[in-house]
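Here the structure is a predicted model, which is why all the values come from computation and not from measurement.
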Amino acid sequence: MAILLRVCGRTDASFGLCDRADSVSRVMFTEVVRAGTWRCLGDRWRTAAAFRRALELDPTNWSLYLDLADLAAEDGDFAQAADLVRQGLEHEPEDVTLRAAGAPYRARAEGSLTDLNLLLELAPGVPHAGYRNGLIDYAMGALDFPADRIAAARRFQVCE
């Protein structure tokens with residue numbers, strides 16, 4: 001219900017419902033909903049704080065590491081993003097989206113052509129085209145990749 005309230009623009013009511021849920025029992029999902037509401041409001045610091053609280057409640061949830069990694073990448077901290085993906089991979093080493101996210105974050109942090117090639121290998125398996133496009137954009141922000149690799153990466157991007 002708190003998600004529906006957020007989507008309807010009733011963010012105060014969404015937070016209120018999250019607070020009521022916390023009074024019964026603190027669970028990871030409530031913090032994820034709270035993070036989404038803060039994100040909707042554009043408060044990146046509080047979004048990250050809520051995701052970190054969710055991770056405290058469920059430290060093996062690889063998806064939370066990915067959420068935090070994506071926030072770090074949005075802030076331009078690709079080294080931190082890559083490290084968060086690495087931590088997530090400790091819990092779910094075969095997830096294609098998580099593996100694919102780590103590649104451009106490392107490519108940006110280290111200028112790694114190997115990681116760009118890994119992204120190209122994994123890109124067809126990333127289920128959400130918009131997310132895949134964003135990962136490719138991050139990778140393309142690194143300097144001095146060969147033109148053929150850049151062209152190959154751009155072929156994976158689709159208009160939505």
- request: Mind checking the CZ-OG1 spacing from R34 to T30? Nearest 0.5 Å is all I need.
  value: 7.0 Å
message: Tell me the closest heavy-atom pair linking F156 and N133, and the distance in Å.
response: O-OD1, 4.1 Å
- prompt: Please walk me through it: do R99 and D95 pass side chain to side chain contact (heavy atoms under 4.5 Å, CB included)?
  reply: CA-CA 6 Å; R99 292 177 60 219; D95 183 77; 5.8 Å; no
- request: Give a yes or no on this: more than 12 heavy atoms of other residues, nucleotides or ligands lie within 6.0 Å of atom CZ of R10.
  value: no
- prompt: What is the distance from atom CG of L135 to atom OH of Y131, rounded to the nearest 0.5 Å?
  reply: 4.5 Å
message: What I want to find out is whether R52 reaches E31 closely enough, with some N-O distance under 4.0 Å, to be called a salt bridge.
response: no
query: Considering the options D70, D83, D115, which one meets the side-chain hydrogen bond (donor to acceptor under 3.5 Å, both in side chains) requirement together with Y105?
result: D70
- prompt: To the nearest 0.5 Å, how far apart are CD in E90 and CG in L98?
  reply: 10.5 Å
field: Straight-line distance of D144 CG to I150 CD1, nearest 0.5 Å
entry: 9.0 Å
field: Side chains of Q80 and D75 in contact at under 4.5 Å (non-hydrogen atoms)
entry: no
statement: For M140 and A153 the tightest heavy-atom approach is CE-CB, 3.7 Å
query: For D77, what residues pass the salt bridge (Lys or Arg N to Asp or Glu O under 4.0 Å) criterion, not counting sequence neighbours?
result: none
- prompt: Heavy-atom count around R20 CZ within 6.0 Å, excluding the residue itself: above 12?
  reply: no
query: Could you state the interatomic distance from CG (L64) to CZ (R53), rounded to the nearest 0.5 Å?
result: 12.0 Å
- request: Step by step, work out the side chain to side chain donor-acceptor pair (under 3.5 Å) result for E92 and N61.
  value: CA-CA 8 Å; E92 191 60 45; N61 187 317; over 6 Å; no
- prompt: Judged by modelled atom types alone, do T11 and T37 share a side-chain donor-acceptor pair under 3.5 Å?
  reply: no
query: Can you tell if the side chain of Y65 reaches within under 4.5 Å of the side chain of H91, non-hydrogen atoms only?
result: yes
query: With a 4.5 Å limit on heavy-atom distance, are the side chains of W38 and F15 in contact?
result: yes
- prompt: Under a 4.0 Å N-O cut-off, is there an ion pair linking E74 with R39?
  reply: yes
field: Test side chain to side chain contact (heavy atoms under 4.5 Å, CB included) applied to L55 and F51, step by step
entry: CA-CA 6 Å; L55 197 54; F51 279 132; over 6 Å; no
field: Heavy-atom pair of closest approach, residues V33 and A2
entry: CG1-CB, 3.7 Å
query: So which heavy atom on P104 is nearest to which on Y138, and how close?
result: CB-CB, 4.2 Å
query: Where do M28 and L57 come nearest, in terms of heavy atoms and distance?
result: N-CD1, 3.8 Å
- prompt: When you look at W62 and V85, which way does the side chain to side chain contact (heavy atoms under 4.5 Å, CB included) test go after all the steps?
  reply: CA-CA 8 Å; W62 64 269; V85 167; over 6 Å; no
